[in-house]
Amino acid sequence: MSEERFGEFVLVRRYERGHVAELALDRPKAMNAVSTEMARSVAGACAALAADRDVRVVVLTSTHERAFCVGADLKERNSFTDADLVRQRPVTRGAYTAVLELPVPTIAAVHGFALGGGFELALSCDVIVADRTAVVGLPEVSVGVIPGGGGTQLLPRRVGAARAAELIFTARRVEAPEARELGLVDALVEEGQDRAEAMSLASRIAANSPVGLRAAKRALRLGHGLDLRAGLEVEDAAWRSVAFSGDRAEGVAAFNEKRKPQWPGE
């Protein structure tokens with residue numbers, strides 16, 4: 001296991017020969033509220049992970065015992081002028097976009113509060129694992145703004161337009177059992193087990209072809225929302241990008257030789 005810090009508030013750990021990376025939000029004194037500095041660090045860590053061809057899965061976690069992330073740093077925002085807010089917008093938006101656009105599968109491990117921008121960070125991941133202490137929601141309209149980290153677009157893609165509208169318009173918080181029932185999270189585990197379950201899932205995913213994983217994610221993301229014919233064209237392009245790869249050749253050979261594949265990653 002190796003560690004690398006990005007700024008003061010983000011820690012990246014690499015496991016399993018660097019194939020599984022953990023991006024840990026580490027601003028415990030503020031329950032991981034997303035300040036300008038923290039947003040820059042998240043974006044920087046994601047850029048490094050995206051460029052690392054050894055990374056096959058990223059797990060987004062929190063070092064705080066009672067919160068995943070409580071959203072935007074409203075104490076910082078309270079001191080902003082309008083000009084400050086305009087300047088901050090591309091920085092904070094860049095953090096959410098960086099998580100969303102990671103080219104490998106991503107898993108959020110959520111416990112405690114995941115509110116506003118915190119829940120949007122989780123929504124930017126492919127899979128959300130939550131423990132029974134999790135409380136999620138997008139309360140932005142209660143403080144005079146809207147979900148601006150992707151929430152108005154990502155939530156309806158998960159739960160449908162009407163359900164997303166009800167959750168966003170009421171600004172209500174949803175506890176773990178209902179969140180699982182509504183599809184706001186994908187797996188519900190016992191208290192304190194969210195990270196362990198997410199890391200276990202990451203290990204299972206990382207055993208597969210890195211070329212295949214990246215292409216499958218690309219097809220899933222680019223094809224979502226397209227009509228079927230267009231979506232199948234996206235899928236075909238992704239298939240062609242892997243069909244003649246070293247990973248494909250190794251995967252077929254390993255299957256026929258009844259052994260574990262040794263992925264070349266190309």
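Because only heavy atoms are used, hydrogens play no part in the values below, and waters and symmetry mates are left out as well, while side chains stay in. Note that the numbering runs from 1 along the sequence shown for the chain.
Residues Val20 and Val211 are members of separate hydrophobic clusters, defined by side-chain heavy-atom contacts under 4.5 angstrom among Ile, Leu, Val, Met, Phe, Trp and Tyr. Following chains of ILVMFWY side-chain contacts shorter than 4.5 Å, one can reach Phe169 starting from Leu123, so the two form part of one hydrophobic cluster. Cluster membership check: Leu60 does not share its hydrophobic cluster with Ile107, using side-chain heavy-atom separations under 4.5 Å among Ile, Leu, Val, Met, Phe, Trp and Tyr. Criterion: ILVMFWY side-chain heavy atoms under 4.5 Å apart, direct or through other members. Under it, Val59 and Val104 are not part of a common hydrophobic cluster. Connection of Val57 to Val12 is not established within any shared hydrophobic cluster, with ILVMFWY side chains joined at heavy-atom distances below 4.5 Å, either directly or through further cluster members.
When side chains are defined from C-beta on, Glu22 does not count as touching Met1, because their heavy atoms never get closer than 4.5 Å. A heavy-atom distance below 4.5 Å is found between the side chains of Leu121 and Leu25. Counting heavy atoms from C-beta outward, Cys46 and Leu23 have side chains that approach closer than 4.5 Å. Looking at heavy atoms from C-beta onward, Glu190 lies out of side-chain contact with Asp131 at the 4.5 angstrom threshold. Between Lys75 and Asn78 the shortest side-chain heavy-atom distance does not fall below 4.5 Å. Using a 4.5 Å cut-off on side-chain heavy atoms (C-beta onward), Leu115 and Arg173 make contact. Ile128 is listed as a side-chain neighbour of Phe119, based on a closest heavy-atom distance under 4.5 Å. Side-chain contact between Tyr96 and Val42 is absent, with no heavy-atom pair separated by less than 4.5 Å.
A donor-acceptor pair is defined here as one N or O able to donate and one able to accept, closer than 3.5 Å; such a pair exists between the side chain of Ser203 and the backbone of Met199. At least one donor-acceptor pair under 3.5 Å links the side chain of Arg158 to the backbone N or O of Gly183. A donor-acceptor distance shorter than 3.5 angstrom exists from the side chain of Lys217 to the backbone of Leu102, with no hydrogens or angles considered. In this structure a side-chain-to-backbone donor-acceptor pair under 3.5 Å is present from Arg56 to Ala206. Looking only at distances, no side-chain donor or acceptor of Thr97 sits under 3.5 Å from a matching main-chain atom of Gly94.
In the displayed structure, Glu178 atom CD is contacted under 6.0 Å by more than 12 heavy atoms of other residues, nucleotides or ligands. When the shell of 6.0 Å around CZ of Arg221 is examined, it contains more than 12 heavy atoms from other residues, nucleotides or ligands. More than 12 non-hydrogen atoms from other residues, nucleotides or ligands lie less than 6.0 angstrom from CG of Asn256. Other residues, nucleotides and ligands place no more than 12 heavy atoms under 6.0 Å from the CZ atom of Arg93.
In plain terms, the two heavy atoms of Val99 and Cys125 that are nearest each other are CG1-SG, 4.0 Å. When all heavy atoms of His64 and Pro28 are compared, the closest pair comes out as CD2-O, 3.1 Å. Between Gly150 and Glu120 the shortest heavy-atom distance is N-OE2, 3.4 Å. What you find for Asp194 and His111 is that their closest heavy atoms are OD2-ND1, 3.0 Å. The shortest non-hydrogen separation linking Gly112 to Thr133 is N-OG1, 3.0 Å. Taking each heavy atom of Val91 and Ala39 in turn, the nearest pair found is O-CB, 3.8 Å.
The CZ atom of Arg195 lies 11.5 Å from the OG atom of Ser200; values are rounded to the nearest 0.5 Å. In this structure, CE in Met31 is found 11.0 Å from CD in Glu65, a value given to the nearest 0.5 Å. For the atom pair CZ (Arg89) and OG1 (Thr36), the distance works out to 12.5 Å, reported to the nearest 0.5 Å. Trp263 CH2 to Ser245 OG: the interatomic distance, rounded to the nearest 0.5 Å, is 8.5 Å. Here Thr63 contributes atom OG1 and Leu11 contributes atom CG; the two are 8.0 Å apart, rounded to the nearest 0.5 Å. Between Gln88 atom CD and Phe80 atom CZ the span is 4.0 Å, to the nearest 0.5 Å.
Using a 4.0 Å cut-off between a side-chain N of Lys or Arg and a carboxylate O of Asp or Glu, Glu3 and Arg14 do not qualify as a salt bridge. Glu191 has no carboxylate O lying under 4.0 Å from a charged side-chain N of Arg132, or vice versa, which leaves the two without a salt bridge. Classification of Arg172 and Glu166 as a salt-bridged pair holds, one side-chain N sitting under 4.0 Å from a carboxylate O. The pair Arg17-Asp54 does not count as a salt bridge, with every side-chain nitrogen at least 4.0 angstrom from each carboxylate oxygen. By the 4.0 Å N-to-carboxylate-O rule, Asp186 lies too far from Arg180 to be salt-bridged with it. Under a 4.0 Å N-O distance rule, the pair Arg77/Asp84 does not qualify as a salt bridge.
For Glu101, there are no side-chain hydrogen bond (donor to acceptor under 3.5 Å, both in side chains) partners, not counting sequence neighbours.
In this structure, a donor-acceptor pair under 3.5 Å is absent between the side chains of Ser41 and Arg5.
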Show me the side-chain donor-acceptor pairs of residues 134-147 shorter than 3.5 Å, one per line, residues at least two apart or across chains.
{"unit_1": "Ser142", "atom_1": "OG", "unit_2": "Pro139", "atom_2": "O", "d": "2.5"}

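Screening residues 236-250 for salt bridge (Lys or Arg N to Asp or Glu O under 4.0 Å), with sequence neighbours left out, gives Asp236-Arg240, Glu250-Arg259.
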